[in-house]
Asks: 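Quick one: the structure is below, and I'll ask about it shortly.
A quick note: this is a predicted structure, and the numbers were derived from the prediction, not measured.
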Amino acid sequence: MLARRFHRFFQQDYAIGILLFISAALAMLSANTFFAEYYDLLLSTPMRITIGALDIHKPFLLWINDGLMAIFFLLIGLEVKQEVLEGELSSPAQIILPGIGAIGGMLVPALFYVAFNYTDPVAIKGWAIPAATDIAFAVGILALLGKRVPASLMIFLLALAIIDDLGAIIIIAIFYTEDLSLTSMGIASVLLAVLAFFNYRGVTRIGPYMVVGTLLWICVLKSGVHATLAGVLLAFTIPLKVVDRQGRSPLKALQHNLHSPVNYIILPIFAFANAGLELNAEQVRSLLTPIPLGIVTGLFLGKQIGVFSFCWLAVKSGLAKLPTNSNWIQMYGLSILCGIGFTMSLFISSLAFENVSTSYLVSDRIGVLTGSILSAVFGFAILYHAGRKRV
């Protein structure tokens, strides 16, 4: 009976949102009790892989952020490719409104952050932190509303979040890249060409892609470009249109196989490793400092202003139409919900302040958590109120 209930729970769209919340709560609990010492010790535990001249030496936290999150980005890449080729982003009519909303949702939050931090050359590196939307959390909260929101709003949110994720990938590739190793980049280019050749020849077995993809991850890691981008590059080479002997698309099969491990293992582990924040009076007061203020206002105000205003202009100008059976109040509530940054915001902040004082990492975490919580609560409340007539 208990196993059946767990099975039903994990089949619900809101399950991942609840798991992420629990993981974040456990991280906060660990960081603010006598477990804090063991929590820090776990994340700082060094792990090393050495094969001949190859040496990868990182603390456990970075194995999570560079390694496990590469698998997360692999899943994102698979979803983006499928949606672009045959899904919600496959035609101009489908992509216009979420595309315009995503642009506003990345641009305006970044401007809010810059307005508070433009005088600090270190803090300004975090300008992209409030530009990202956590698709898992946002979809999970929208799923909790059930029939109070039309299905078209869920489709709109998924399309917007996918475009948002694609924007985050481009931002990471361009703005959060360290000194480049031409040798590693050269080898990575050759491996990418091999993957493209597999695709051209119609190779449907996933094994060869995974072997070459792992080597690609190592080369990208050593090149100075962030290692998670290897997951996206690998995803774009997995075939969608051809099928194997069982009649399955390799891309859809891999996407199906990764969905549960990523959502129910990798993302909760990431949340637990990155959301631990020691709360005290000093941390609460730090909310009024530029970095947290930039993040909170960017996520909570910038997102809703950017997404809603850009969508409003697109509809009023005749470029696009509102999602079917939805109204402007629901669109406004959804725009607020897009301010849940959490996973992607924490990830980008770890890149922005990776090699600077830990005080920056502490202040950005409290900003991300506060802005995401405000967006979740207010977005849910407005959508709940707006959808009462539908029930």
Side-chain angles (χ1 to χ4, degrees), residues 49 51-54 56 63-91 94-95 135 158-159 161-163 165-170 172-173 177 180-267:
I49 295 179
I51 304 175
L54 174 66
I56 305 176
W63 278 102
I64 293 172
N65 292 351
D66 292 348
L68 290 183
M69 289 301 283
I71 303 175
F72 167 68
F73 274 85
L74 169 59
L75 180 59
I76 286 179
L78 294 172
E79 291 173 346
V80 168
K81 181 173 180 178
Q82 182 182 355
E83 293 298 330
V84 168
L85 293 181
E86 61 178 30
E88 296 300 325
L89 307 180
S90 59
S91 71
Q94 293 171 306
I95 200 174
I135 184 172
L158 286 169
I162 287 170
I163 298 170
D165 284 340
L166 187 57
I169 290 166
I170 295 171
I172 291 169
T177 296
L180 297 178
S181 166
L182 295 180
T183 301
S184 296
M185 288 193 68
I187 299 173
S189 299
V190 172
L191 293 171
L192 188 60
V194 172
L195 290 168
F197 178 74
F198 287 167
N199 182 292
Y200 173 75
R201 295 293 297 175
V203 176
T204 57
R205 291 168 53 204
I206 295 297
Y209 291 96
M210 293 298 103
V211 172
V212 178
T214 301
L215 297 175
L216 177 66
W217 176 82
I218 294 172
C219 290
V220 174
L221 176 70
K222 293 294 186 179
S223 72
V225 179
H226 199 269
T228 52
L229 296 176
V232 180
L233 296 174
L234 172 60
F236 288 167
T237 66
I238 305 295
L240 172 64
K241 302 292 186 180
V242 297
V243 296
D244 60 17
R245 293 178 180 176
Q246 286 75 41
R248 300 175 304 175
S249 161
L251 186 146
K252 292 180 180 179
L254 181 59
Q255 185 178 349
H256 174 76
N257 292 335
L258 287 178
H259 190 268
S260 293
V262 167
N263 286 336
Y264 302 129
I265 299 175
I266 291 176
L267 287 182

Asks: What do the steps show when you test Trp217 against Ile71 for side chain to side chain contact (heavy atoms under 4.5 Å, CB included), and what is the final call?
Replies: CA-CA 10 Å; Trp217 176 82; Ile71 303 175; over 6 Å; no

Asks: Rounded to the nearest 0.5 Å, what's the gap from CG on Leu195 to CG on Leu215? Could you check?
Replies: 9.5 Å

Asks: For Ser184, is there any backbone N or O sitting under 3.5 Å from a side-chain donor or acceptor partner on Ser223?
Replies: no

Asks: Nearest 0.5 Å, what's the OG1-NZ distance between Thr183 and Lys222?
Replies: 12.5 Å

Asks: Out of curiosity, Ile170 CD1 to Leu229 CG, how far, rounded to the nearest 0.5 Å?
Replies: 10.5 Å

Asks: State the CG-CG distance between Leu78 and Leu251, to the nearest 0.5 angstrom.
Replies: 4.5 Å

Asks: Does a side-chain heavy-atom distance below 4.5 Å link Leu192 with Phe236?
Replies: no

Asks: Hey, does Asn199 have a side-chain heavy atom less than 4.5 Å from the side chain of Tyr209?
Replies: yes

Asks: To the nearest 0.5 Å, what is the distance between CD on Gln82 and CG on Leu240?
Replies: 6.0 Å

Asks: Determine the minimum heavy-atom distance between Pro250 and Val243, stating which atoms define it.
Replies: CD-CA, 4.4 Å

Asks: Which atom pair, heavy atoms only, marks the closest approach of Val203 to Pro208?
Replies: CG1-CG, 4.4 Å

Asks: Of all residues at least two apart in sequence or in a different chain, which pass the ring pair (Phe, Tyr, Trp, His ring centres under 6.0 Å) check with Phe72?
Replies: none

Asks: Looking at Thr237 and Leu234, what are the two nearest heavy atoms and their distance?
Replies: OG1-O, 2.7 Å

Asks: Indicate yes or no: at least one non-hydrogen side-chain atom of Arg245 is less than 4.5 angstrom from one of Thr204.
Replies: no

Asks: Mind listing the closest non-hydrogen atom pair of Pro239 and Ser249 along with its distance?
Replies: O-OG, 3.8 Å

Asks: Is the shortest side-chain heavy-atom distance between Thr214 and Val211 below 4.5 Å?
Replies: no

Asks: Kindly compute the distance separating CE (Met210) from CG (Leu254), expressed to the nearest 0.5 Å.
Replies: 5.0 Å

Asks: Report yes if some heavy atom in the side chain of Ile238 is under 4.5 Å from a heavy atom in the side chain of Gln255; otherwise report no.
Replies: no

Asks: Search all heavy atoms of Phe73 against all heavy atoms of Thr228 and return the closest pair with its distance.
Replies: CB-O, 3.5 Å

Asks: Just one of Leu74, Leu75, Asn257, Ile76 clears the side-chain contact (heavy atoms from CB on, under 4.5 Å) bar with Val262, so which one?
Replies: Leu75

Asks: With a 4.5 Å heavy-atom cut-off, do Ile163 and Ile95 have their side chains touching?
Replies: yes

Asks: Any idea which heavy atoms bring Asn65 and Met69 closest together, and the distance?
Replies: O-CB, 3.3 Å

